[in-house]
Each structure stands twice: as C-alpha cells, then as structure tokens.
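Only one structure is covered here, and it is reproduced in the block below.
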Amino acid sequence: MLAPLVSLAVTTMCSAPVAIELNVFSGLPNPTWYLSQSQCVELEQQIDKLPEIAKESLPPPPGLGYRGVVVHYVNQQGVRESIGFYRGTVRSQRLRLQDPNRFLEKWLLNIGQNFVDSNMQRYLQTELSQ
C-alpha cells in the first residue's frame with residue numbers, strides 16, 4: 001500500500017462545519033448536507049487509511065449527470081478546500097486515493113439520503129451499482 005500524498009490528519013477538516021454536496025445537477029442547486037463532528041472525524045480517519053492511486057492523471061467525472069460527492073471544508077489556514085469522491089477515487093488538489101469498494105462515497109450518500117427525494121435515491125442506487 002502506498003502512503004497518501006498528504007495525510008488529512010495534518011490539515012484537520014473538522015475545525016469548522018463540513019458540507020457534503022451531491023454533484024448531480026446542472027443549472028439547479030445541488031443537494032447539500034452537513035457532517036456531525038463525529039462523522040467528520042470518522043471521515044478523516046477513513047481517508048487516512050486509503051491507498052494512493054498509482055496513475056498520475058485520472059479522467060474527470062462526466063460533464064452531466066452524477067459526478068460524485070464533494071466534501072467542502074475549511075483548512076487550518078482558513079482556506080476552503082474540497083475533496084471529490086467518484087467511482088472509487090478520492091481526489092483533491094493534494095490527494096489521489098483509491099476507495100475500491102466506493103465505501104466512503106456510499107457512506108456519505110447514505111448520510112444525506114434524507115436530503116434527496118425517492119426518485120433521486122433510485123437514480124443514485126443505479127449509479128452506485130456501476
């Protein structure tokens with residue numbers, strides 16, 4: 001297993017509210033929800049366990065439709081940062097990690113299931129089965 005490029009434990013995501021965005025709409029606001037403090041700590045711990053992706057460049061998510069889940073947080077320097085979770089990858093400006101079973105992507109979507117309607121939940125189940 002390769003070590004992550006930068007451990008999140010150094011940046012501590014959980015010092016301010018952490019927003020989760022379902023990146024799915026074009027032209028409409030995306031559904032957003034927030035992590036509790038304990039959920040945020042668990043997310044940091046799980047991210048720190050993920051292996052680095054060997055490839056230097058990854059194809060971007062599609063331009064339309066489901067494009068994953070994005071975690072928005074403020075780092076210790078007060079700068080807003082984002083981490084994207086899409087089809088087994090976890091990426092930000094500093095991270096390129098593998099989440100082979102899409103565990104964290106599914107976990108974040110499960111936390112937000114009350115923020116999307118039943119049609120969207122069915123659509124997400126289809127996307128997650130790919």
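Atoms considered below: every heavy atom in the structure, side chains included; atoms not considered: hydrogens, waters and symmetry mates.
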Evaluate V71 against V18 for side chain to side chain contact (heavy atoms under 4.5 Å, CB included), listing each step before the verdict. CA-CA 7 Å; V71 173; V18 175; 3.4 Å; yes
Please lay out, stage by stage, how Q46 and L50 fare under the test side chain to side chain contact (heavy atoms under 4.5 Å, CB included). CA-CA 7 Å; Q46 293 299 320; L50 296 176; over 6 Å; no
Between W33 and E21, is a side chain to side chain contact (heavy atoms under 4.5 Å, CB included) present by the stated rule, with each step listed? CA-CA 7 Å; W33 57 94; E21 176 187 2; over 6 Å; no
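Checked against side-chain contact (heavy atoms from CB on, under 4.5 Å), N110 has the following partners two or more places apart in sequence or in another chain: Q113. Every residue two or more places apart in sequence or in another chain that forms a salt bridge (Lys or Arg N to Asp or Glu O under 4.0 Å) with E127 is listed here: R87. For T89, the side chain to side chain donor-acceptor pair (under 3.5 Å) partners are R91, not counting sequence neighbours. For S129, there are no side-chain contact (heavy atoms from CB on, under 4.5 Å) partners at least two apart in sequence or on another chain. With sequence neighbours excluded, no residue satisfies side-chain contact (heavy atoms from CB on, under 4.5 Å) with Q125. Residues passing the side chain to side chain donor-acceptor pair (under 3.5 Å) test with N114: none are found, sequence neighbours excluded. Residues meeting the side chain to side chain donor-acceptor pair (under 3.5 Å) test with S38, sequence neighbours left out: S36. Qualifying side chain to side chain donor-acceptor pair (under 3.5 Å) partners for Y66, counting only residues two or more places apart in sequence or in other chains: E105. Residues satisfying the side-chain contact (heavy atoms from CB on, under 4.5 Å) criterion with Q93, sequence neighbours excluded, are absent altogether.
From D99, atom CG reaches atom OH of Y86 across 14.5 Å, with rounding to the nearest 0.5 Å. Between the CZ atom of R80 and the CG atom of N75 there is a distance of 12.0 Å, given to the nearest 0.5 Å. Atoms CZ and CG, from F103 and L108 in turn, are 9.0 Å apart once rounded to the nearest 0.5 Å. Distance check: L22 CG to N30 CG gives 6.0 Å after rounding to the nearest 0.5 Å. Taken from CG in L109 to CD in Q121, the straight-line distance is 10.0 Å, to the nearest 0.5 Å. Atom OH of Y34 and atom SG of C40 lie 13.0 Å apart (nearest 0.5 Å).
Using a 4.5 Å cut-off on side-chain heavy atoms (C-beta onward), L128 and R102 make contact. Here the side chains of E81 and M13 are not in contact, with every heavy-atom distance at 4.5 Å or above. In this structure, the side chains of L43 and L35 come closer than 4.5 Å at one or more pairs of heavy atoms.
The two atoms that bring S26 and G63 nearest to each other are OG-O, 4.2 Å, heavy atoms only. Pairing each heavy atom of V24 with each of P31, the nearest pair is CG1-CD, 4.3 Å. When every heavy atom of S82 is checked against every heavy atom of S92, the shortest pair comes out as O-CB, 3.2 Å.
For F25, the CZ atom is densely surrounded, since the number of other residues' heavy atoms within 6.0 Å is greater than 12.
The one candidate from V70, V69, I47 that meets the side-chain contact (heavy atoms from CB on, under 4.5 Å) condition with I83 is I47.
Evaluation of the salt bridge (Lys or Arg N to Asp or Glu O under 4.0 Å) test over residues 64-75, restricted to residues two or more places apart or in two chains, returns none.
Clustering ILVMFWY residues whenever any of their side-chain heavy atoms sit less than 4.5 angstrom apart, transitively, puts F115 in the very cluster that holds L28.
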